[in-house]
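Please read the structure below before turning to the comments.
Remember, it's 1-based here, ligands and their atoms both numbered in the order they're listed. Counting begins at 1 with the first residue of the sequence.
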Amino acid sequence: MASPEIQRIGVVGLGAMGAGIAQLAIEAGYDVVGREVTNELGQKAQERIAHFLQRKVDKEQLGAGDRGAALERLSLTTELAALADCDLVIEAIVEDIDAKLALFAELEGIVRADTILATNTSALSVTEIASAVETPERVVGMHFFNPAPLMPLVEIVRAELSSDQAVEAAFRFGERLGKRPIRCHDTPGFVVNRVLIPLLNDCLRVLDEARVSPEDLDAAMTAGAGWPMGPCTLVDLVGIDVHVHASEALYEKLREPRMAPPPRIVSMRNAGLLGRKSGRGFYSYD
Ligand SMILES: NC(=O)c1ccc[n+]([C@@H]2O[C@H](COP(=O)([O-])OP(=O)(O)OC[C@H]3O[C@@H](n4cnc5c(N)ncnc54)[C@H](O)[C@@H]3O)[C@@H](O)[C@H]2O)c1
């Protein structure tokens, strides 16, 4: 059930990440107010959530009654003012600093003084986002992984001025969602992307350096290093455009050559070879 201090959650932006986070929260017993820019986008997200919960019912992971009760806990709005009573608001809008700064400034004028404001940003500075508000102590990062309902990790990111109370409340909330939260500070890439992005870029450079095929590279890392999935398969799954964007963002901040996207995948991105979602990347998908 919902933790005593946090009962009502606001989720701003119900795209890939926001809808997944909203799903997790309603399944965990929280009331969720989801804000999108149009009613149509909100409804589409609600339909996706209903569909995923139905799949859980079909797999006997969730009762039909529990599915219905969870869906009733989700309300949709296009008005930010509807988030006034939320104890925690999680922002999952486009990865654009100006959009996030404007949103946080507006949110601060709407929510209570003790409402925690969290951002799901992957590559922006949580401290910079917190600079939009007069009470930056209440701002933390809650970095979920895609797809949020399935990936166990959530990075709880402490910005320069985050309060212990906000960090711990976000951590406990992550646990209540059934996640494995970790605490970290606000540095580029946080923990996983800081390690994984240069590592994947090294793997992709080896494709050319060792003249190894994507199949053999994937076999090398699964059979030789115990990875659950090979790097080419993983980058195809993440999306080549997403990986290039994340690499560029890290490189811009840290200037380490390993962070920069290898030219090969920049060309693939430019050619529209985006991996699984476009039907072709390192592999072809039907
Ligand atoms: N996709 C991933 O793999 C991933 C993983 C972790 C974190 N993130 C981060 O999560 C955030 C969202 O990413 P996504 O992949 O879900 O993006 P997305 O494009 O799928 O969804 C963003 C949604 O936000 C909506 N939106 C934009 N401005 C809004 C506003 N002011 N109010 C309400 N809704 C608004 C858009 O209509 C859209 O539906 C980004 O900061 C991203 O960096 C993404």
> With atoms numbered from 1 as shown, which atoms in ligand 1 lie under 4.0 angstrom from a non-hydrogen atom of V12?
Replying inline: 32 (N), 33 (C)

>> Starting from atom 37 (O) of ligand 1, what is the nearest protein heavy atom, named by residue and atom, and what distance separates them?
In response: E36 OE1, 2.8 Å

> Can you find a non-hydrogen atom of F145 under 4.0 Å from ligand 1?
Replying inline: no

> Any idea which of L14, V238, I93, L80 brings a heavy atom closest to atom 27 (C) of ligand 1?
Replying inline: I93

>> Taking a cutoff of less than 4.0 Å between a non-hydrogen atom of the residue and any ligand atom, is A99 in contact with ligand 1?
In response: no

>> Between the side chains of D85 and R112, is the shortest nitrogen-to-carboxylate-oxygen separation below 4.0 Å, so that they form an ion pair?
In response: no

> If you count the atoms of ligand 1 from 1 in the order shown, which ones are under 4.0 Å from a heavy atom of H143?
Replying inline: 6 (C), 7 (C)

> Under 3.5 Å, is there a donor-acceptor pair between the R138 and T135 side chains?
Replying inline: yes

>> Can you name the atoms of ligand 1, numbered from 1 with element, that are less than 4.0 Å from a heavy atom of T121?
In response: 41 (O)

> Of all the atoms in ligand 1, which lie at a distance below 4.0 Å from a heavy atom belonging to N120?
Replying inline: 7 (C), 8 (N), 9 (C), 10 (O)

> So does K100 pair up with E95, basic N to acidic O under 4.0 Å?
Replying inline: yes

> So which protein heavy atom does atom 1 (N) of ligand 1 come closest to, and at what separation?
Replying inline: N146 ND2, 3.7 Å

>> Among all the protein's heavy atoms, is there at least one whose distance to atom 17 (O) of ligand 1 comes out below 4.0 Å?
In response: no

> What's the shortest distance from atom 22 (C) of ligand 1 to any protein heavy atom, and which residue and atom give it?
Replying inline: A92 O, 3.7 Å

> With a 3.5 Å cut-off and no angle check, do the side chains of T119 and E91 form a donor-acceptor pair?
Replying inline: yes

> By number and element, which atoms of ligand 1 are closer than 4.0 Å to a non-hydrogen atom of K100?
Replying inline: 40 (C), 41 (O)

> Does a side chain donor of either S122 or N193 reach within less than 3.5 Å of an acceptor in the other side chain?
Replying inline: no

> Are a donor atom and an acceptor atom from the side chains of S247 and N201 found within less than 3.5 Å of each other?
Replying inline: yes

>> Need the ligand 1 atom indices (1-based, order shown) with element for anything under 4.0 Å from a heavy-atom of L41.
In response: 37 (O)

> What atoms of ligand 1 come closer than 4.0 angstrom to any heavy atom of F144?
Replying inline: 5 (C), 6 (C), 7 (C)

